[in-house]
Amino acid sequence: MERTPFLLECVGLVVSSLIGGLDFELWICEDIEHSESNEEIYGVLSFVFWTLTLIPLLKYVFIVLRADDNGEGGTFALYSLLCRHARVGFLPNCQLADEELSAYKKTDGGPHLPNGETAATANSSEASRMKRLLEKHQVLQRLLLILALIGTCMVIGDGILTPAISVFSAVSGLELSMARNVEVPVACLILVCLFALQHYGTHRVGFLFAPIVVMWLLCISSIGVYNILHWNPHVYRALSPYYMYKFLKKTQRDGWMSLGGILLCITGSEAMFADLGHFSQLSIKIAFTSMVYPSLILAYMGQAAYLSQHHIIESDYRIGFYVSVPANKVACPGNRHTCCCSRKPSYHHGTFSIIKQCSALGCFPRVKIVHTSSKFHGQIYIPEINWILMILCLAVTIGFRDTKRMGNASGLAVITVMLVTTCLMSLVIVLCWNKSIFLAICFIIFFGTIEALYFSASLIKFLEGAWVPIALAFIFMIVMYVWHYGTLKKYEFDVQNKVSINWLLSLGPTLGIVRVRGIGLIHTELVSGIPAIFSHFVTNLPAFHQVLVFLCIKSVPVPYVQPEERFLIGRIGPKEFRLYRCIVRYGYRDVHKDDLEFEKDLVCSIAEFIRAGGSEPNGTLEESEKDDERMAVVGEGSRLREEHGTPDDEAGPSNSREIRSPVIVSRKKKKVRFVLPESPQLNIAVREELQELMEAREAGMAFILGHSYMRAKSGSSLLKRLVIDVAYDFLRRNCRGPDYAVSIPHASTLEVGMIYHV
């Protein structure tokens, strides 16, 4: 995967990192400028300083960023990382062959110990006990999935609230020169424009605003230094944690409730982790530690220094930040407006990325994914989600019309995601890093206590706006869980109703029907066995293609799959049947190829598989009805080796070979045309099979899709009927079909309906 050049990373990261902290300059005034004592001002500043230091700097920059999933970050990336180290995932079509992928890293040796062992080996027993505990109890696996879905839904909810609060708080600064009744219309107009810009891509929008954000950070840090030197050079004393204690002791319940406002200074932390796929860890550390962090600290210290000498009256708290700007009090809102608008692209990019991850792992309905950059593959745009988010964002803006309630809502969403990340990280420390359980407990106690304090302060404001992210997360979680449940039930039906291999063999090489020229791709979710819908095809269609390929396109819990590892090719039945199985593996961040590229790679893989099989002395491997499914892995220039996989009593014999680097035709050619190699090693049977494959490819390729309708069985509970017959059916009818993943032209698609009773 190509990433942004290093110099642009440091600039672009400023856009996607803690720009959320800038919004706090409005809310900090509300909490401290009503006081008549500087101790409260120092107390809040101390909370801001230590919150920024412990959560974004220590937790995220120096710890959480190291828990990347092959360069990808975010809540679902942590869950995917855990699924690879322990069998806690719910992907129904997993295979042992998936664990041989180069991206499927499962161990981290860690620092070497004096006795020659590694830290990972020393703590492997603790990790093994934790792994067995999770794998043994399905309840824990479901709780882990629900926890990941909660964090994911809160990220999506924050993607709705963040643009609203950023733009509305920026527009509120126009009070200095305009009437208040224009705030909502202006904010809505800006939001519509920003959502409309999303299809141009994150890299273009981010590049447009990155210089403005850099200038903004330089300006607020310069203003902070000026206010410190001019108004109160001793404000640095507030960095002592003692002032936090004095603040809580003096204000008691009011001080505890005000922590929800302080939380807004770290609202961009999770976006910094979620966008890890586009910025290296080094660039994030440099951008945050050298620019974002010191700029925000200086800005807050400068504002506290100003407020310590100017106790603003209650009616002016909303413009406290602007009045602390020397000389010019009107030009700043415009700059701030642009800066906060620039904060939106990173959050929506994180929302698009996490929805794509959920969709790839079977936890979200299939949606249209548009790749906005040919160079940076992870930059995507989802039209349906973009417009849904816009409608919800406008509804929040029009409904609240108040930055305080928007801040309460955003604060609860942010701190919930942080709590989820802390819980998942504690498992990553043990299972993935092979560290001591004691270290994981210390991590969750230290950061969990801090975040739980902020969470309680945000939750107490439930009726003052904090109910919004809970409602949004509840809706999105219902959608995700219903889709995930329906997908599992559909796969279970396919597994239980597979066609026996004896029935297939009894049909003979012609399958009892006319075999016409061409290649037929039969889509199935099964990785072994013959799907029940195939018998439906045979009994209802008068003719079938001479070459049939059972095509399974599945996602694996890794971000990317190398091209040479993407295809698993196998044979079903004897050679003369011309039945093949093709398993196409994609990571949750992979780019699906267009139809021409996909067809070419598929046919090349089958051709290489035939050649590899033809080099065996006795042709294909002979199997009986009770044999296990055997997988032969063939590499370029390597010998054939066999691996025993999962038994498949119903499927019967099935040979599978993984072909690495099946490059036969130049990628510059648009029309694929095969030429048989002049090799004396190819026997007659192999040459005939290759010749037939070429003729079938020249005749054309058709995608045969089983259009299944799921219905709850008679006698099912009311809840199950509502989930399957109503909710899942509604999502299925309004989402993208499987043919979109392959990009096969609709003119080459044949759909056959079938009803599943689950």
Side-chain angles (χ1 to χ4, degrees), residues 64 67 69 74-96 98-99 104-108 120 123-155 354 357-358 360-364 416-449 451-452 455 473-474 476-489 491-492 495 555-558 588 646 719-720 723:
V64 175
D69 185 13
T75 305
F76 233 79
L78 290 178
Y79 178 72
S80 173
L81 195 63
L82 291 171
C83 289
R84 295 208 308 274
H85 288 77
R87 299 184 186 279
V88 296
F90 287 90
L91 283 176
N93 49 9
C94 293
Q95 295 175 285
L96 291 177
D98 298 338
E99 299 182 9
Y104 209 103
K105 298 186 300 184
K106 298 196 68 172
T107 58
D108 181 9
N123 297 295
S124 59
S125 60
E126 296 180 349
S128 299
R129 287 196 298 267
M130 178 72 72
K131 178 181 177 182
R132 287 195 298 268
L133 179 65
L134 292 174
E135 293 177 347
K136 181 180 179 181
H137 300 283
Q138 196 173 24
V139 174
L140 296 179
Q141 299 174 19
R142 293 193 179 277
L143 288 177
L144 188 62
L145 174 63
I146 292 174
L147 187 66
L149 292 181
I150 290 175
T152 301
C153 294
M154 282 296 182
V155 171
I354 206 166
Q357 294 178 19
C358 293
L361 297 179
C363 292
F364 199 85
T416 303
V417 178
M418 291 181 178
L419 275 171
V420 170
T421 300
T422 299
C423 295
L424 295 179
M425 270 300 303
S426 63
L427 295 176
V428 169
I429 290 174
V430 178
L431 295 177
C432 306
W433 294 353
N434 288 310
K435 304 299 181 182
S436 171
I437 293 181
F438 176 76
L439 183 63
I441 294 175
C442 292
F443 178 86
I444 196 172
I445 290 178
F446 181 76
F447 292 106
T449 302
E451 292 162 357
F455 179 79
F474 182 73
F476 279 104
M477 190 165 181
I478 288 179
V479 171
M480 290 183 178
Y481 205 83
V482 165
W483 183 261
H484 182 70
Y485 176 79
T487 303
L488 287 180
K489 286 298 180 182
Y491 185 80
E492 290 175 3
V495 171
S555 295
V556 289
V558 295
Y588 57 79
T646 306
L719 179 60
K720 184 176 181 179
V723 171

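- Taking all atoms of both residues into account, the shortest heavy-atom contact from Gln141 to Glu135 is NE2-O, 3.2 Å.
- Of all the heavy atoms in Ala67 and Leu81, the pair that sits closest is O-CD2, 4.1 Å.
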Would Tyr481 and Tyr485 satisfy ring-ring contact (aromatic ring centres under 6.0 Å, His included), going step by step from the backbone distance to the final call? CA-CA 6 Å; Tyr481 205 83; Tyr485 176 79; 7.2 Å; no
Before you tell me yes or no, could you show the steps for Ile146 and Met477 under side-chain contact (heavy atoms from CB on, under 4.5 Å), namely the whole-Å CA-CA distance, both residues' side-chain angles and the distance that decides it to 0.1 Å? CA-CA 9 Å; Ile146 292 174; Met477 190 165 181; 3.1 Å; yes
Ile437 and Ile429: side-chain contact (heavy atoms from CB on, under 4.5 Å), yes or no, with the steps? CA-CA 8 Å; Ile437 293 181; Ile429 290 174; over 6 Å; no
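- Annotation for His85 and Leu431: closest pair CD2-O, 3.6 Å, computed over non-hydrogen atoms.
- For the atom pair Leu144 CG and Tyr79 OH, the distance stands at 5.5 Å (nearest 0.5 Å).
- The minimum heavy-atom distance linking Trp483 with Phe364 is given by the pair NE1-O, 3.3 Å.
- Taking CE from Met425 and CG from Leu82, the interatomic distance works out to 9.5 Å, rounded to the nearest 0.5 Å.
- When all heavy atoms are compared, the tightest approach of Val417 to Thr75 is CG1-OG1, 4.1 Å.
- Here the CG-CD1 distance, from Leu149 to Ile478, works out to 12.0 Å after rounding to the nearest 0.5 Å.
- Nearest approach of Gly362 to His484, heavy atoms of both residues: O-ND1, 3.3 Å.
- Here Met154 contributes atom CE and Thr416 contributes atom OG1; the two are 4.0 Å apart, rounded to the nearest 0.5 Å.
- Using a 4.0 Å cut-off between charged nitrogen and carboxylate oxygen, Lys489 and Glu492 count as a salt-bridge pair.
- No donor-acceptor pair closer than 3.5 Å links the side chain of Ser80 to the backbone N or O of Phe76.
- Atom CG of Leu145 sits about 9.0 Å away from atom OG1 of Thr152, to the nearest 0.5 Å.
- Remark: Cys423 SG to Leu78 CG distance equals 11.5 Å, nearest 0.5 Å.
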